[in-house]
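For clarity, every value in this text was computed on a predicted model and none was experimentally measured.
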Amino acid sequence: MLVLDLAVKSLRNRAFSTSLTVGSIALSVALLIGVENVRVGVRESFSNTISQTDLVVGARGGTIQLLLYSVFGMGAPTQNLSWDTYRRWADHPAVEWTIPYGLGDSHRGFRVIGTNEDFYRHYSFRGGQAISVAEGRPNSGLYDVNLGADVAAELGYEVGDEVEVTHGLGEIGFINHDHMPFTVVGILDKTFTPVDRALYITMEGLEAVHFGWEDGAPPGAASPGAAAEEDEHVHAEDEAVAAAEEDEHDHAEDEAVAPAEEDDHAHAEDDAHAHDPDLSIEDVEVTQLAAFFVGTSSRRDVLGLQREINEFEGEPMMAVIPGLALNNMWQGLGYAEVGLRLVTIFVVLVGLLGMLVSLYTSLDERRREMAILRAVGAGPDRIVALLVLESVVLAAAGAVGGMALAYLLLSVGQPIAETQAGLFIPITPPGFVEWLFLGSVVVAGFLIGFVPALKAYRTALHDGLAVRV
Amino acid sequence: MSLAIDIRRLRFRYGGGPWVLDIPELTLDQGTRAFLFGPSGSGKTTLLGVLSGVLKPDEGEVGVLGHDLASLSSAQRDAFRAEHIGYVFQMFNLIPYLSVLDNIALPARMNAARRARLDGAGVKETAVQLADHLHIGDLLKKRVTELSVGQQQRVAACRALIGAPELIVADEPTSSLDFDRRETFLELLFAECDRAGATLVFVSHDRTLEGMFSRRISLPDINRATV
């Protein structure tokens, strides 16, 4: 107790260097704890990009590719699924709900996603939050479009504006569907997920965008006789077979089948201007989609359903469990996490080395003090204990201060991170990892304390009661 | 009367260097006020180091209060010093981060035997009493850095005296004081030593003070190692 009292008073006497040392350790510990919390936050937010969806289904290919184009809005499927196949699974007894997802077009760099009302009903993220409309209403009409929050904010769109859709997923589409303007009917609430960075139209709308497209170009541009050609087309073709075909040319023809039948005249007369006001959602028949999300009636069915979909012979397709796949994906990025953690650990080590330097350099001016302590009967062991204890007290003060600082910054930064970056950082009371960090810092302080302590020990033995130079 | 100090055939050197001390015999009765003098470099401080058990003699016996320090381990000598010896340095006696009171109380807090000899009084009360005896009772709350050199030396004397150690060792404690203050300081020190029945070994190269002591020892005369 005497030695602890001496250590504390000695540190207090050197208040400036003590507070600098404690401050630098506290900063480094705060960084360590802060990074740890943010890391957990990023990870949570990543694996909660989509939730309560049991399976994501798309054309057979890579798991990560499927997740990227379906959940994260990056990349494109190599192939679409046919609508009939989708319906087959949607009606499967183990399936409670599905959300179809169609891709292929964009608007000024943002993706245009074709889906239906199930998207609003069943899509959920971050532990069960649903998509909601901040302004306007969900899209339902053929030419209705809903905007993700970021799209509306960045492009400055409001309900009632007209937007045009570009073919292709790239930033700069080379052909605008300028005869297909969509009307903004709603703007979605911000979700801080990739949902915010897309436009939502109906499956039929997406299909209609490609209305009359043959040879990959709109009617009138590449193929002036497109509308006429449609009459010659054989409409009785089996749709399932057509959809399964790989040639996009055939797809394009097929897509156009239904509307062409009924609106042939109007379209032919009006092909360079706005969309056909008479064309309604019932007139369009959806033929394909990029992916769909599945919620099962019972969790126990997930694995069986997944196997069944993967082994389906009608069409090459695959189903992945998003939670699992997202975790695997995150683990693939794990080296970055390890790197980040290593960096912060080194920062803490640097803080502790600062303490070592400060204690070590103070020893010379403390030789007198050591001689006095020796004179009143302190053995060299007490000298060692004093210096080790000082080091421990510094490290512990730094660790506790750092923890307090970290939680202070987190509580200040949490709302900012959430509104500015969409990153929800859960502030949890210090858990095992945090206590482990703090314990390690104190233990490191204890071990580092032996460096000045042993130097003081040797000096004290050498000096005895006289300070010899 | 038993001996406070009983040195026989003591030889000491630092590391493998030349002999610094080579003292065939030196004895002091208990209660003696001894004045140990000699020029700089004659081994005065080294002898005090040996007497207080900080330095271990290479040869011979160093009897202090009936214990042969030469046969004790380093830790035993530390404990012995804490219990039986009060030490006053030439200057810079005080630990800068402790208050005057804490500086005085330090030996009593460090060693249980010193505490036990306070006659039932608390550490603080004893320290206050000693400070009053040495006329520094009004300084107890001060920071040691605010004291004059003379005041610091009195605080050091209080610290050496607390818990009534049998041997007080003072290494030129008055060399930084002017003459009047030296005498006052010594008188106060003597009074306290008498009160506690302590033996005093006082080292100085300033022989103007020697008249106040009951025994005078010239270190060059007894130390054959002195060149």
Side-chain angles (χ1 to χ4, degrees), chain A residues 1-19 21 358-359 362-387 389-391 393-394 452-454 456-469, chain B residues 14-15 44-56 73-99 102-115 123 143-145 156 159-160 162-163 165 169-172:
Chain A
M1 278 321 286
L2 172 64
V3 178
L4 179 63
D5 184 43
L6 288 179
V8 170
K9 283 179 172 160
S10 149
L11 289 174
R12 210 162 50 197
N13 188 52
R14 288 174 282 133
F16 185 66
S17 97
T18 297
S19 46
T21 306
S358 149
L359 282 178
S362 74
L363 284 184
D364 240 17
E365 62 203 53
R366 297 180 68 187
R367 289 171 77 177
R368 210 44 241 173
E369 174 193 336
M370 301 304 160
I372 297 165
L373 288 172
R374 291 280 279 142
V376 297
D381 51 337
R382 289 226 200 184
I383 305 286
V384 168
L386 174 65
L387 282 155
L389 215 54
E390 284 187 16
S391 179
V393 168
L394 283 175
L454 292 179
Y457 176 85
R458 278 197 307 273
T459 313
L461 277 187
H462 175 257
D463 280 355
L465 300 182
V467 175
R468 265 180 291 274
V469 187
Chain B
Y14 291 103
K44 300 189 297 288
T45 299
T46 304
L47 177 58
L48 295 189
V50 171
L51 281 177
S52 59
V54 173
L55 302 175
K56 188 178 172 66
S73 72
S74 158
Q76 284 170 323
R77 292 197 309 273
D78 289 331
F80 180 85
R81 177 172 65 255
E83 183 175 347
H84 300 289
I85 299 176
Y87 202 104
V88 185
F89 290 100
Q90 181 174 359
M91 54 201 305
F92 308 123
N93 261 294
L94 306 179
I95 291 183
Y97 52 79
L98 295 182
S99 70
D102 283 344
N103 261 289
I104 294 174
L106 193 57
R109 293 180 65 193
M110 187 87 79
N111 184 274
R114 290 278 279 269
R115 228 165 22 243
V123 174
R143 296 176 58 84
V144 296
T145 46
R159 185 180 63 204
I162 197 168
V169 175
D171 187 2
E172 308 203 42

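To the nearest 0.5 Å, the span separating CG on Leu51(B) from CZ on Arg81(B) amounts to 12.0 Å. Between Tyr87(B) atom OH and Leu48(B) atom CG the span is 4.5 Å, to the nearest 0.5 Å. Taken from CG in Leu55(B) to OG1 in Thr46(B), the straight-line distance is 6.5 Å, to the nearest 0.5 Å. We find the CG-CZ distance between Asn13(A) and Arg143(B) to be 5.5 Å, quoted to the nearest 0.5 Å.
Arg159(B) touches chain A through its side chain: at least one heavy atom from C-beta onward sits under 4.5 Å away, while N, CA, C and O do not. Only the side chain of Asp102(B) comes within less than 4.5 Å of a heavy atom in chain A; its backbone stays farther off. No part of Arg12(A) comes within reach of chain B, as not one of its non-hydrogen atoms sits under 4.5 angstrom from that chain. Proximity to chain A is absent for every atom of Arg77(B), based on heavy atoms less than 4.5 angstrom apart. Both the backbone and the side chain of Ile95(B) come within contact range of chain A, each with at least one heavy atom under 4.5 Å from a heavy atom of that chain.
A search for side chain to side chain contact (heavy atoms under 4.5 Å, CB included) contacts involving Ala385(A) returns Val3(A), not counting sequence neighbours.
Contacts with chain A were tallied for Leu106(B), Ile85(B), Val88(B), Asn103(B); Leu106(B) has the most, counting heavy-atom pairs under 4.5 Å. Annotation: maximal heavy-atom pairing with chain B below 4.5 Å, among Asp5(A), Leu6(A), Leu373(A), Asp381(A), occurs at Leu6(A).
A salt bridge does not link Glu365(A) with Arg14(A): none of the charged nitrogens is closer than 4.0 Å to a carboxylate oxygen.
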